[in-house]
Structure formats: structure tokens, C-alpha cells
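The structure appears below as C-alpha cells.
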Amino acid sequence: DTAVSQTPKYLVTQMGNDKSIKCEQNLGHDTMYWYKQDSKKFLKIMFSYNNKELIINETVPNRFSPKSPDKAHLNLHINSLELGDSAVYFCASSQRTGGPGAQYFGPGTRLLVL
Amino acid sequence: AQSVSQHNHHVILSEAASLELGCNYSYGGTVNLFWYVQYPGQHLQLLLKYFSGDPLVKGIKGFEAEFIKSKFSFNLRKPSVQWSDTAEYFCAVKGNNAGNMLTFGGGTRLMVKP
């Protein structure tokens with residue numbers, strides 16, 4: 001069974017479009033995250049979210065917004081896509097808010113903005 | 001603020017050679033430490049983690065890491081690498097007062113020659 005899943009796996013789109021990436025976890029975790037991995041493989045946290053608190057990395061443009069319909073899902077919406085948004089986006093989850101639990105990652109969504 | 005430094009950006013080894021990848025962190029309080037591996041084209045997988053107790057941590061696939069508090073280090077080791085260990089390795093830190101935010105190092109690309 002897939003623990004953390006993301007769709008789509010690949011996303012190619014034009015500049016200026018709005019797109020969403022979906023993430024689902026079946027681990028019963030209460031906290032989910034979005035990370036961006038650039039072409040140099042550098043990983044940067046974008047958001048941390050549970051049902052009580054959204055923590056936003058202040059460097060993330062407000063064109064990016066997480067939306068959580070329920071505890072098992074955290075979708076990423078991106079408005080007005082720019083060339084620099086091309087990257088791999090990873091969703092992750094962990095067990096306990098504020099706890100030391102390890103994060104488990106999804107397979108990634110490779111976004112290419114043309 | 002917490003930060004993580006991986007000094008080796010690229011490592012090339014022959015099969016059966018021993019491996020040690022450096023990881024140093026900067027954080028003033030108690031930390032949780034992780035090593036993740038990313039095989040080519042795949043997502044991040046947890047190799048091992050340290051929360052407390054024995055500073056020598058055993059992970060999957062024969063990897064281990066040692067937490068040396070006085071040196072703020074958490075180096076990854078494997079006595080004998082295999083070609084299948086070719087991957088990108090990421091060290092990550094989460095301070096106990098840092099909410100749920102994991103901070104990743106820049107990664108080390110390991111290539112094992114058959």
C-alpha cells in the first residue's frame with residue numbers, strides 16, 4: 001500500500017496558468033508538508049500543516065497555497081505559474097504535531113513550466 | 001535558526017570501499033537527526049534517525065550514523081558500499097523547538113563504480 005501518494009507525477013504547463021498538485025497519506029499522520037526540490041537537488045520546506053496550524057516558510061510566494069479538505073489530504077495550489085516554479089515538489093507527512101517523528105515522503109511531482 | 005551542512009557534494013567510490021558522509025548542524029538545543037536517501041528518479045526514503053539514547057544508530061541497508069554532540073555532527077557510514085547505493089544522500093535536522101520544520105543539508109551525490 002502506498003503510504004504517501006501524489007498526483008500527477010508529471011505536470012507540464014504554460015507560464016501564467018494555475019495548477020494543483022494533490023497529496024494523500026494513509027498513515028494516519030496528523031501533520032503534512034510540502035517541499036520544493038530545485039534542479040540542484042536542494043530541498044526547501046514550503047509549508048507545514050495540521051488541522052490547527054499552518055506554518056508557512058516566509059520565502060514562499062503567496063501564489064502558492066496549501067488546501068486541506070481533511071486530515072489525510074494536503075493539496076498545493078499554484079497561481080500564475082512562473083518559469084522559476086519548475087522543480088520537483090514533494091509532499092510528506094509525520095505522526096505527531098511537535099513530536100520528533102520522522103517524515104515520510106511521497107514520490108514527487110515533476111513540474112515544468114514553459 | 002537551525003542549519004545543516006554537508007561538506008561532500010560528490011563522492012565517487014568503488015564497490016566494497018567504505019563510506020563516510022559528513023553532516024554538521026547548527027542548533028542550540030536538543031535535536032532530532034535524520035538521513036534520507038534519494039535513488040535516481042525516486043522519492044526520499046528514510047535511512048535512519050536519531051531521537052535520543054545510543055548515539056550510534058543503525059539503519060536500513062547496512063547504514064549507520066553516529067551522533068557526536070560535542071562536534072554537532074551526525075556522519076553516515078557504511079563499511080562496504082555496493083553499486084546499488086548510488087544515490088543522493090540528505091542529512092536533516094529538526095530542533096525540538098522548531099515546530100515541525102525539517103531542515104535539509106544540500107545533499108551528497110554518491111556514485112559507486114562497479
Side-chain angles (χ1 to χ4, degrees), chain A residues 2-7 9-10 21 23 25 27 29-60 66 74 87-110, chain B residues 1-6 8-11 21 23 27 29-53 57 59-60 65 67 74 86-111:
Chain A
T2 304
V4 183
S5 59
Q6 293 177 230
T7 54
K9 189 172 181 181
Y10 298 96
I21 306 172
C23 177
Q25 54 95 4
L27 297 167
H29 289 169
D30 59 16
T31 306
M32 296 182 73
Y33 313 82
W34 277 104
Y35 287 85
K36 179 180 180 181
Q37 186 176 43
D38 63 23
S39 58
K40 295 183 180 178
K41 300 287 189 180
F42 186 71
L43 269 161
K44 187 172 76 172
I45 180 78
M46 300 177 72
F47 304 101
S48 163
Y49 182 80
N50 62 29
N51 60 356
K52 297 175 187 174
E53 186 179 26
L54 170 65
I55 301 174
I56 302 172
N57 185 324
E58 61 189 15
T59 66
V60 175
L74 183 67
V88 183
Y89 292 85
F90 288 100
C91 177
S93 70
S94 68
Q95 184 169 19
R96 203 158 47 91
T97 304
Q103 294 181 17
Y104 294 88
F105 285 78
T109 295
R110 284 146 185 83
Chain B
Q2 55 192 31
S3 65
V4 183
S5 176
Q6 292 180 244
N8 314 105
H9 298 293
H10 293 91
V11 173
L21 301 182
C23 173
Y27 185 73
T30 305
V31 291
N32 307 129
L33 298 156
F34 308 84
W35 275 97
Y36 285 86
V37 60
Q38 186 177 26
Y39 297 103
Q42 295 190 28
H43 64 287
L44 283 90
Q45 300 173 44
L46 182 66
L47 264 182
L48 48 79
K49 59 193 178 196
Y50 171 81
F51 294 158
S52 63
V57 179
I60 61 170
F67 171 48
F74 189 56
T86 295
E88 189 101 18
Y89 292 81
F90 293 93
C91 181
V93 164
K94 189 176 87 67
N96 269 359
N97 294 328
N100 294 307
M101 296 298 193
L102 261 185
T103 299
F104 282 86
T108 297
R109 184 166 296 180
L110 172 66
M111 180 183 294

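Sequence lines set the chain letters: A, B, ... in the order given, protein chains first and strands last, and positions in each chain run from 1. In this text the structure is predicted, and so the values were computed from the model without any measurement.
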Checked A/Lys44, A/Arg110, A/Lys40 vs chain B; the most non-hydrogen pairs under 4.5 Å come from A/Arg110
Only pairs under 3.5 Å count here: list side-chain donor-acceptor contacts from residues 37-46 of chain B, not counting sequence neighbours, and write none if there are none.
{"from": "B/Gln38", "atom 1": "OE1", "to": "A/Gln37", "atom 2": "NE2", "distance (Å)": "2.9"}
{"from": "B/Gln38", "atom 1": "NE2", "to": "A/Gln37", "atom 2": "OE1", "distance (Å)": "3.1"}
{"from": "B/Gln38", "atom 1": "NE2", "to": "B/Gln42", "atom 2": "O", "distance (Å)": "3.0"}
{"from": "B/Tyr39", "atom 1": "OH", "to": "B/Lys61", "atom 2": "NZ", "distance (Å)": "3.1"}

Across all chains, not counting sequence neighbours, the side-chain hydrogen bond (donor to acceptor under 3.5 Å, both in side chains) partners of A/Lys41 are none
The reported gap from CD1 in A/Ile45 to CG in B/Leu102 (rounded to nearest 0.5 angstrom) is 7.0 Å
Can you tell if the side chain of B/Phe104 reaches within under 4.5 Å of the side chain of A/Tyr35, non-hydrogen atoms only? yes
Look at the side chain of B/Tyr36 and the backbone N and O of A/Tyr104, then say whether any donor-acceptor pair between them is shorter than 3.5 Å. no
Quick check for you: among A/Phe47, A/Phe90, A/Phe42, which has the greatest number of heavy-atom pairs under 4.5 Å with chain B? A/Phe90
